[in-house]
Amino acid sequence: MQGKYVSKNIEKKWQEYWNKEALFRVKEDVRFPKFYCLEMFPYPSGRIHMGHVRNYVIGDVIARYKRMNGFNVLHPMGWDAFGLPAENAAIKHGVHPTKWTYENIDYMREQLKKLGLSYDWQREVATCDLGYYKWNQWFFLKMFEKGLAYRNASRVNWCPSCETVLANEQVIDGKCWRCDNVVTQKELEQWFLRITAYAEELLNLCDTLIGWPEKVIAMQKNWIGRSEGVEVNFKVAGIGEKIRIFTTRQDTIYGVTFISIAKSHPLVSELIKDRDIINKIELLSEDPEKKEGVFTGYYAINPLTGDNVPVWISNFVLREYGTGAIMAVPAHDQRDFDFAKKYNLPIKVVIVPENSYKLQVTSYKKTVTSYELRVTSKENSTNSLLKTRYSSLPLDSSLIAEAYEDEGILIDSGQFSGLSSKDARERIADFIEVKGFGKRAINYKVRDWGISRQRYWGTPIPIIYCEKCGVVPVPENMLPVILPKEVTITGKGANPLSTVIDFINTECPKCKKPAKRETDTMDTFVDSSWYFVAYCLKDRNALSVMRNELNENILDSSLITHHSSLSYWMPVDQYIGGIEHAVLHLLYSRFFTKVLRDIGLLNIAEPFQNLLTQGMVIKEGAKMSKSKGNVVDPDYLIEKYGADTVRLFCLFAAPPERDLEWSDQGVEGAYRFLNRLWGLVYKYREALDVKGKGGNTQIDASRLTPYALRLLRKTHQTIKKVTNDVERDYHFNTAIASLMELMNEAIAFDILEPGDERVLNFCIKNIILLLSPFAPHFAEELWANLGGQQSTLNEPWPRWDEEMVKEEEIELVVQINGKLRGKITIPVGLREEAIKEKAFQDLKVSDYIKGKSVKKVIVVKSRLVNIVTG
RNA sequence: GCCGGAGUGGCGGAAUUGGUAGACGCAAGGGACUUAAAAUCCCUCGUCAGCAAUGGCGUGCCGGUUCGAGUCCGGCCUUCGGCACCA
């Protein structure tokens, strides 16, 4: 054994050993429970960063821990390999995206191996592999068959910089999620996946995701955005048309004073012929902050009141949500209120705050947060109808400063006056349905997922356009539609694939006449929506599908025939990744899983049983980024300290879900810990043997000195603590802290008696095993040096003896009136009366209570005694 | 505006069920070893008073419940995320 710890001398050696012994190879042995541990796969940008390191180290500890606890662990890694940066590299440096991507993958794979991560590389996938993206196309066809994939012309989010369409989820604060440029709107023919068909299930099953952070569930629910309300038809006066509106506040329907419809509502082009009005509509502001509208000249009839109300076109009404038309109630909706004020439209109050309904309302007066209802006269009104009391009031709308949007009691609302908002919503909805004015309806904020991208480096959408047959899906047996390699990427103008003549021109699968291919590719979020399923397949030689060549395509048959592998491994037991995917990737993956279930490939509804969202790695208070110049290079750190130190620091500095503040000195601290432990083992190298001398035989505690017993007890306590900390939300930081404590005690320990050696041996043996998931190379080296015959990964996780954990004597705190006044040492199991007696005997305590009357004495088992004096 | 976190020494953090606040680590200060430095080892380390024993105060702020509150309840403040014309 070497006298000094030199990471370079051991890390490569153990990585080669693990590889040679195929130690990370997945075992599918039905006699043992399975554990699927997954970390979000990276985009192969070129090099890994500290965020990746943290993510993958956390996952690796879990995988190794579960392995040692007897699980068959599936712990795979792959590459989210399609996407824009590869195309940008092509534009900038003239390198083909294929070459650029696979070279990056090769480099990054080596980086991950250098960290000692326990991946089964035989299950590696890259989404740009032909054998992988073929399945994107297959799923697309299945969805097309079921009506879940459809084509639609619509206004879409367009990023002028990326020159591509973005899904709603990919627009953040009006900007592109990738390049941060302002997103504009554009009318395009797009392919959509009907995620809305699963909106209800996606929402309901949120409540089954008990292993997910509440924050993420809240974000998912919020994004799906379910609203319950009614759809009501308003007839347009004088013509046969109807305007169908959606509202959740049917309790305010008597307060409707106008109708607002979206610019692109179908009635607009149908009804508006006047050039003047059309021009005005086009001039409406794009800025939703500025409420603007144009009067159509038409009136609509409120079916409940019979009132004629003007129909306006408003810039703030969304075509895509609900029916694209709303009933406007300015008294009870701030947006309608602003609009009404601007165009001098009437404001009719129909809801008053609940606690004021017995009072007579004369005016609304604005206060800081709401209206105050001022009482000017009293009347004995207990039995009179609210309607008569309120309808005669001259409510001057100029006195109203803002809308009252809360719930309350209805006034001026016909037969519904006097009801609470809550009751009225039910009663009015019933009434509307009975009378045939409309029906109850549910709307979701989530939109169908637009997946068309006008880019090259992605999965070709398997559709052919034939003049005679129209939109024709590529038959299954003709998959994959191969992404052609010969292409010129300029980054400007048309979609790159539309310039590849050999690709576009094909024949119609139906009529065999010449036809043209779809030239858009799929959103790369499609790729990442099911990769966790691909990892479940066995007997796959990853390299054969790596090179984008047609031959051996192992994924080809396996996805369907290996059904049993899918049902064995799915769902993922533990998923780990950044919070930034709380909506996009996780929602899409949940959607895909449900579709795959309905196709018959999966027998589960939710893909991820437990989700851990790890915090960011920050330095000097900010997220690491090149522009801030605060990045830390993993390669440099591994070179300087070794992977085990880097791993240890990442795990020790903060619990996984919190942000991690990078500290160069903290890294030194982790390094020091390993060095001290090495030094300890080296000092006793002759005396220690993990396979004998108490290594695996029971130590007879009754024959030990109290001194040795203390170390033995501490060892058992530490095994318990480390195990519990890992089990309890993966709090590795406290687990490592307790290993440090134990090591400190072991260093202070001297072998005095013959039995002491066995205790120290037991202690050190367990420190090494407990440390092995965190610092695997280091643990392997020490283990082997102390006579270990096999990898620590194949050793069982240490077990503690509950009897040995218990102390024989404990220190008890004595409080007087809740304040700490003394400490007593008592044997465990001492009776309460005896404890009290002992507490009162304590000199300091008796001093304090001298001359005072004792009112009460509280004894908390193995914690404290609290004496309450008068 | 709505939803969700977080607030504890100089710093990262610990305190698992309401029961000794500050584990573990970093930094800092003092000492040992050394010709010297690095490394290593030992000691101190919330704050105020005190030579000390010890005592007062202390987990963002105000109040409450309790024998006892970092932890529970009510009301604020600060801060970080997410959503934001969704009718």
Side-chain angles (χ1 to χ4, degrees), chain A residues 4 172-174 213-223 225-227 229 245-250 252 260 287-291 314-318 320-329 332-336 338-339 405 443-447 579-580 582-583 615-616 648-649 652-655 657-670 672-673 675-676 679 721 724-725 727-729 731 733-744 747 811-823 844 855-869:
Chain A
K4 276 191 97 70
I172 293 146
D173 282 335
E214 277 182 44
K215 179 189 175 132
V216 177
I217 292 172
M219 283 165 79
Q220 293 257 321
K221 283 183 175 175
N222 193 23
W223 190 267
R226 182 180 195 270
S227 293
I245 62 94
F246 173 72
T247 183
T248 57
R249 287 302 300 271
Q250 59 269 25
T252 65
S260 278
D287 179 6
E289 288 296 314
K290 284 188 213 143
K291 305 267 178 294
S314 310
N315 68 336
F316 67 91
V317 175
L318 303 170
E320 302 79 27
Y321 185 75
T323 57
I326 60 164
M327 61 177 213
V329 186
H332 304 295
D333 182 294
Q334 192 58 36
R335 294 157 300 178
D336 297 341
D338 294 342
F339 194 88
E405 293 185 323
N443 267 297
Y444 298 93
K445 278 204 272 187
V446 66
R447 305 286 148 74
I579 188 75
E580 66 273 19
V583 176
M616 288 187 301
L648 210 55
F649 175 74
F652 178 64
E657 71 280 1
R658 270 215 238 177
D659 284 351
L660 184 153
E661 173 74 35
W662 192 264
S663 155
D664 292 333
Q665 282 138 346
V667 179
E668 295 272 357
R672 261 200 293 270
F673 165 62
N675 276 296
R676 293 182 75 204
K721 170 116 177 85
N724 287 347
D725 283 350
E727 291 288 339
R728 172 179 65 100
D729 298 329
H731 278 211
N733 56 331
T734 50
I736 292 167
S738 62
L739 282 172
M740 288 174 169
E741 276 187 61
L742 180 59
M743 179 193 72
N744 288 340
I747 286 174
E811 195 180 57
L812 222 59
V813 163
V814 185
Q815 294 182 336
I816 294 165
N817 296 327
K819 283 196 191 285
L820 177 76
R821 294 301 180 198
K823 287 175 184 182
K844 270 175 74 182
K855 275 166 73 179
K856 202 169 165 188
V857 179
I858 294 144
V859 178
V860 182
K861 196 170 161 274
S862 62
R863 291 273 182 199
L864 53 73
V865 181
N866 189 11
I867 301 164
V868 187
T869 62

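Each chain gets a letter, A, B and so on, in the order the sequences are listed, and its residues count up from 1.
In this structure, A:Gly322 and A:Lys4 both approach RNA chain B, and ranking their closest nucleotides by distance from the 5' end singles out A:Lys4. Each of A:Ile736 and A:Asp725 lies near RNA chain B, and the nucleotide nearest A:Asp725 is the one positioned closer to the 5' end.
Side-chain nitrogen and oxygen atoms of A:Thr734 include none within less than 4.0 Å of the OP1 or OP2 phosphate oxygen of B:A15. The side chain of A:Asn744 places an N or O atom within less than 4.0 Å of a non-bridging phosphate oxygen (OP1 or OP2) of B:G25. An OP1 or OP2 oxygen of B:C67 is reached within less than 4.0 angstrom by a side-chain nitrogen or oxygen of A:Lys856.
In this structure, the side chains of A:Lys445 and A:Glu320 stay at 4.5 Å or more apart for every pair of heavy atoms. Counting heavy atoms from C-beta on, the side chains of A:Glu657 and A:Asp729 never come closer than 4.5 Å. With a 4.5 Å cut-off on side-chain heavy atoms, A:Ile747 and A:Arg676 count as touching. A:Val329 places none of its side-chain heavy atoms less than 4.5 Å from the side chain of A:Thr247.
Atom CG of A:Leu820 is separated from atom C1' of B:G68 by 12 Å (rounded to the nearest Å). In this structure, CZ of A:Arg658 is placed 15 Å from C1' of B:G81, rounded to the nearest angstrom. Atom CD in A:Glu214 sits about 19 Å away from atom P in B:C83, given to the nearest Å. The separation between A:Ile217 atom CD1 and B:C3 atom P is 18 Å, rounded to whole Å. As rounded to whole Å, 10 Å separates atom P of B:C3 from atom CG of A:Asn222. If you measure from atom CG of A:Asn817 to atom P of B:U66, you get 15 Å, rounded to the nearest angstrom.
Checking B:U16, B:G5, B:A14 against the side-chain heavy atoms of A:Lys721 singles out B:U16 as nearest. Side chain of A:Gln665, nearest nucleotide from B:A27, B:G25, B:G13: B:A27.
Separating the P atom of B:G63 from that of B:G70 is a span of 15 Å, rounded to the nearest Å. Only the P atoms considered, B:U59 is 9 Å distant from B:U71, to the nearest whole Å. Going from the P atom of B:C61 to that of B:C51 covers 31 Å, rounded to whole Å. For the C1' atoms, the distance from B:C11 to B:A28 is 11 Å, rounded to whole Å.
Within the nucleic acid shown, A:Pro213 has no heavy atom closer than 4.0 Å to any nucleic acid atom. Residue contacts for A:Asp336: at a heavy-atom cut-off of 4.0 Å it reaches no nucleic acid atom on any strand shown. Nucleic acid contact class of A:Val813 (heavy atoms, under 4.0 Å, all strands): base. At a threshold of 4.0 angstrom between heavy atoms, the contacts of A:Val317 include nucleobase atoms, whether or not backbone atoms are also involved. Counting any heavy atom pair closer than 4.0 Å across all strands shown, A:Arg226 reaches no nucleic acid atom. Residue A:Asn866 is in base contact, counting any heavy-atom pair closer than 4.0 Å across all strands shown. Contact annotation for A:Gln815: base contact, defined as any heavy-atom pair under 4.0 Å involving a base atom.
Side-chain atoms of A:Gln334 do not come within 3.5 Å of backbone N or O of A:Glu405 as any donor-acceptor pair. Checked by atom type and distance alone, the side chain of A:Ser314 never pairs as donor or acceptor with a backbone atom of A:Phe316 at under 3.5 Å.
Remark: A:Lys291 fails to qualify as a cation-pi partner of A:Phe339 under the 6.0 Å distance and 45° angle criteria applied to the six-membered ring.
A:Lys819 contributes no side-chain N or O that forms a donor-acceptor pair with the base of B:U20 under 3.5 Å.
Counting heavy atoms of neighbouring residues, nucleotides and ligands inside a 6.0 Å radius, atom CD of A:Glu214 does not exceed 12 of them.
Syn is the glycosidic conformation of B:G9, whose angle stays within 90° of 0.
One finds the CZ atom of A:Phe652 at 10.5 Å from the CG atom of A:Leu739 (value rounded to the nearest 0.5 Å). To the nearest 0.5 Å, atoms CZ (A:Arg249) and CE (A:Met327) are separated by 8.5 Å.
Counting only Watson-Crick and G-U wobble pairs whose two key distances fall under 3.5 Å, RNA chain B forms stems of three or more stacked pairs at B:1-7 with B:77-83, B:10-12 with B:24-26, B:28-32 with B:40-44, B:46-49 with B:54-57, B:60-64 with B:72-76.
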Problem - Criterion side chain to side chain contact (heavy atoms under 4.5 Å, CB included) on A:Ile867 and A:Arg821, from CA distance to verdict - result: CA-CA 10 Å; A:Ile867 301 164; A:Arg821 294 301 180 198; over 6 Å; no
Could you run down the sub-3.5 Å N/O contacts of the protein with nucleotides 40-46 of chain B?
{"residue": "B:C41", "atom": "OP1", "partner": "A:Arg676", "partner atom": "NE", "Å": "3.1"}

